[in-house]
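The structure appears below as structure tokens.
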Amino acid sequence: MVTTARDETAAKADLRKPLQRFRAAAFVTGIGLLGLVVVMVIRYVFDNPGPSAVYSPIHGVIYMVYLVLAVDLALKARWSVKGTIGVLLAGCVPFFSFIVERAVTRRVTEGRKL
């Protein structure tokens with residue numbers, strides 16, 4: 001099958017909205033994960049489980065939204081299973097979601113697969 005420049009432009013346009021949603025989710029997840037680290041320090045260093053009991057479920061919901069939006073983008077951009085799993089796991093490591101978000105944005109806008 002021959003692809004034209006017009007097909008590639010249409011494919012990039014189709015990925016614009018899912019990419020924007022993923023970028024927002026990656027940013028919120030990264031901030032949320034840093035908040036979770038702070039809450040865990042309060043819980044285990046200062047022996048105060050109150051903030052953790054409130055914030056941990058909120059962070060769980062944030063991460064689930066990140067997973068859904070990352071899988072949505074992965075399916076639409078036709079990422080490999082390995083690349084998709086890597087992006088999903090990036091939301092578990094502090095600061096890593098910011099790094100992966102930049103890499104994903106660059107690759108998707110260039111039309112390259114993960």
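Remember, it's a predicted structure, so these values are computed and weren't measured experimentally.
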Give the minimum heavy-atom separation between [X] and [Y], together with the two atoms involved.
X: W79; Y: V104; result: CZ2-CG1, 3.6 Å
X: L73; Y: P18; result: CD1-CB, 3.9 Å
X: V108; Y: L15; result: CG1-CD1, 4.0 Å
X: S80; Y: G83; result: OG-N, 3.0 Å
X: P94; Y: V37; result: CG-CG2, 3.9 Å
X: K113; Y: A77; result: NZ-O, 3.8 Å

Report summary line: The side chain to side chain contact (heavy atoms under 4.5 Å, CB included) partners of F98 (sequence neighbours excluded) come to F27, I31, L34, F95
Report summary line: The side chain to side chain contact (heavy atoms under 4.5 Å, CB included) partners of V38 (sequence neighbours excluded) come to I42
Report summary line: To the nearest 0.5 Å, atom CG of D14 lies from atom NZ of K76 at 9.0 Å
Query - L19 side chain near T109 side chain, heavy-atom distance below 4.5 Å - result: yes
Report task. For the residue pair Y66 and F22, categorise the inter-ring angle as parallel (less than 30°), tilted (30 to 60°) or perpendicular (more than 60°). Result -> tilted
Query raised in the report: Tell me, which pairs form a side-chain hydrogen bond (donor to acceptor under 3.5 Å, both in side chains) where one or both residues lie in residues 24-50, sequence neighbours left out?
Result: R43-S52
Query raised in the report: Applying side-chain hydrogen bond (donor to acceptor under 3.5 Å, both in side chains), which residue pairs with at least one partner in residues 82-107 are found, sequence neighbours left out?
Result: R23-E101, R23-T105, E101-T105
Co-membership, hydrophobic cluster, residues [X] and [Y], 4.5 Å side-chain:
X: I58; Y: V28; result: yes
X: F96; Y: I62; result: no
X: L88; Y: L69; result: no
X: L75; Y: V65; result: no
X: L114; Y: V100; result: yes

Query raised in the report: Backbone N or O of G32 within a donor-acceptor pair of the Y63 side chain at under 3.5 Å?
Result: no
Query - All salt bridge (charged side-chain N to carboxylate O under 4.0 Å, His left out) counterparts of R112, not counting sequence neighbours - result: E110
Report summary line: Apart from L89 itself, its cluster of hydrophobic side chains linked below 4.5 Å comprises V81, I85
Query raised in the report: When you check the gap from the basic side-chain N to the acidic O, do R21 and D72 get nearer than 4.0 Å?
Result: yes
